[in-house]
Amino acid sequence: MISSETVNDYLARLAARQPTPGGGAAAALHAAQGAALVAMVARYTTGEKYAEHEGLVSRITSAADRLVAEALGLADADEQAFQGVIDSYKLPSDTEELKAAKKAAIDAALVQAAQTPAQLIKVAGEIVDLAAELFDVANPNVISDVAAAADAARAAATTARINIDINLVAIKDPAARAGLAGQTDGLEDKAVLAADSLVKRVRERILA
């Protein structure tokens, strides 16, 4: 499992000529790093100097820690879901009945595989929201890491989007394809726009 292996082992598997892990897992790790950066900035925004913000910072720290764990879980879930797609393509198709069953199984696996990146986009949005909340009160010595967190979450959202798209175009059943498109179209827009805005604000503060 990605969540319990070393960075070197994960990168070796990612670089290998094998279908998993792939872009979906990488997207989830972008999110996990973004959430961890939010948690780190929050932990530097403590002590007497920041006492008036203690409640806000404590809430952000807890939420960011939770999102680290959630993103790591999605990394593992994405690998498992894509394996389900691979397995569906290996089903027999010797008869018309088996062909139809295989087609239905492939479409179902593709729809299921798109659920993980859809969840990840929502997680990425939550990370950006937390980073934006932290921006106004954050320890200025680590303010650049607020932007780093937002950019990591942005990368998670846009990478997750492309993984939804690749599943979407492979679905043969028009109803299933339309249903998935309706569920996911534009899902990443809010997170991307919010991340871009926050990074701009951080840079303006640094360069002021």
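Worth knowing before you read on, the calculation uses all heavy atoms, side chains too, and leaves out hydrogens, waters and symmetry mates.
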Quiz item: Yes or no on side-chain contact (heavy atoms from CB on, under 4.5 Å) for D151 and Q33, after CA distance, side-chain angles and deciding distance?
Solution: CA-CA 10 Å; D151 265 337; Q33 290 183 107; over 6 Å; no
Side-chain heavy-atom pair [X], [Y] within 4.5 angstrom cut-off:
X    : Y    : result
V41  : T45  : yes
R59  : E133 : yes
V85  : I106 : no
L91  : L98  : no
I164 : N167 : no
Y50  : V57  : no

Quiz item: Hey, mind stepping through D189 and R161 against salt bridge (charged side-chain N to carboxylate O under 4.0 Å, His left out) and telling me if it holds?
Solution: CA-CA 10 Å; D189 291 348; R161 173 73 255 178; over 6 Å; no
Practice problem: Answer yes or no: is there a donor N or O on one side and an acceptor on the other, between the side chain of S4 and the main chain of M1, under 3.5 Å? | Solution: yes
Practice problem: Kindly say whether L168 contributes a backbone atom to a donor-acceptor pair with the side chain of R177 at under 3.5 angstrom? | Solution: no
Inspect the surroundings of [atom1] in [X] and state if more than 12 heavy atoms from other residues, nucleotides or ligands are less than 6.0 Å away.
X    : atom1 : result
K122 : NZ    : no
Q83  : CD    : yes
Y44  : OH    : no
K102 : NZ    : yes

Exercise. Evaluate the criterion side-chain contact (heavy atoms from CB on, under 4.5 Å) for residue pair I2 and R13; output intermediate values, then yes/no.
Key: CA-CA 10 Å; I2 292 170; R13 288 204 302 127; 3.5 Å; yes
Would you be so kind as to tabulate the donor-acceptor pairs closer than 3.5 Å made by side chains of residues 193-208, with sequence neighbours excluded?
{"unit_1": "D196", "atom_1": "OD1", "unit_2": "R154", "atom_2": "NE", "d": "2.7"}
{"unit_1": "R201", "atom_1": "NH2", "unit_2": "D136", "atom_2": "OD1", "d": "3.4"}
{"unit_1": "R205", "atom_1": "NH1", "unit_2": "F135", "atom_2": "O", "d": "3.2"}

Without placing hydrogens or testing angles, list every side-chain donor-acceptor pair under 3.5 Å for residues 112-121, not counting sequence neighbours.
{"unit_1": "Q115", "atom_1": "OE1", "unit_2": "Q183", "atom_2": "NE2", "d": "2.8"}
{"unit_1": "Q115", "atom_1": "NE2", "unit_2": "V111", "atom_2": "O", "d": "3.0"}

Quiz item: Would I60 end up clustered with V123 when hydrophobic side chains under 4.5 Å apart are linked, directly or stepwise?
Solution: yes
Quiz item: Can you tell me how far CG of D145 sits from CE of M40, rounded to the nearest 0.5 angstrom?
Solution: 3.5 Å
Practice problem: Establish, from distance only, whether the side-chain atoms of D9 and T6 form a donor-acceptor pair under 3.5 Å. | Solution: yes
Quiz item: With no hydrogens and no angle check, do the side chains of Q80 and D76 hold a donor and an acceptor under 3.5 Å apart?
Solution: no
Exercise. Apply the test side-chain contact (heavy atoms from CB on, under 4.5 Å) to residues L134 and L130: give CA-CA distance (whole Å), side-chain angles for both, the deciding distance (0.1 Å), then the verdict.
Key: CA-CA 6 Å; L134 193 55; L130 288 177; over 6 Å; no
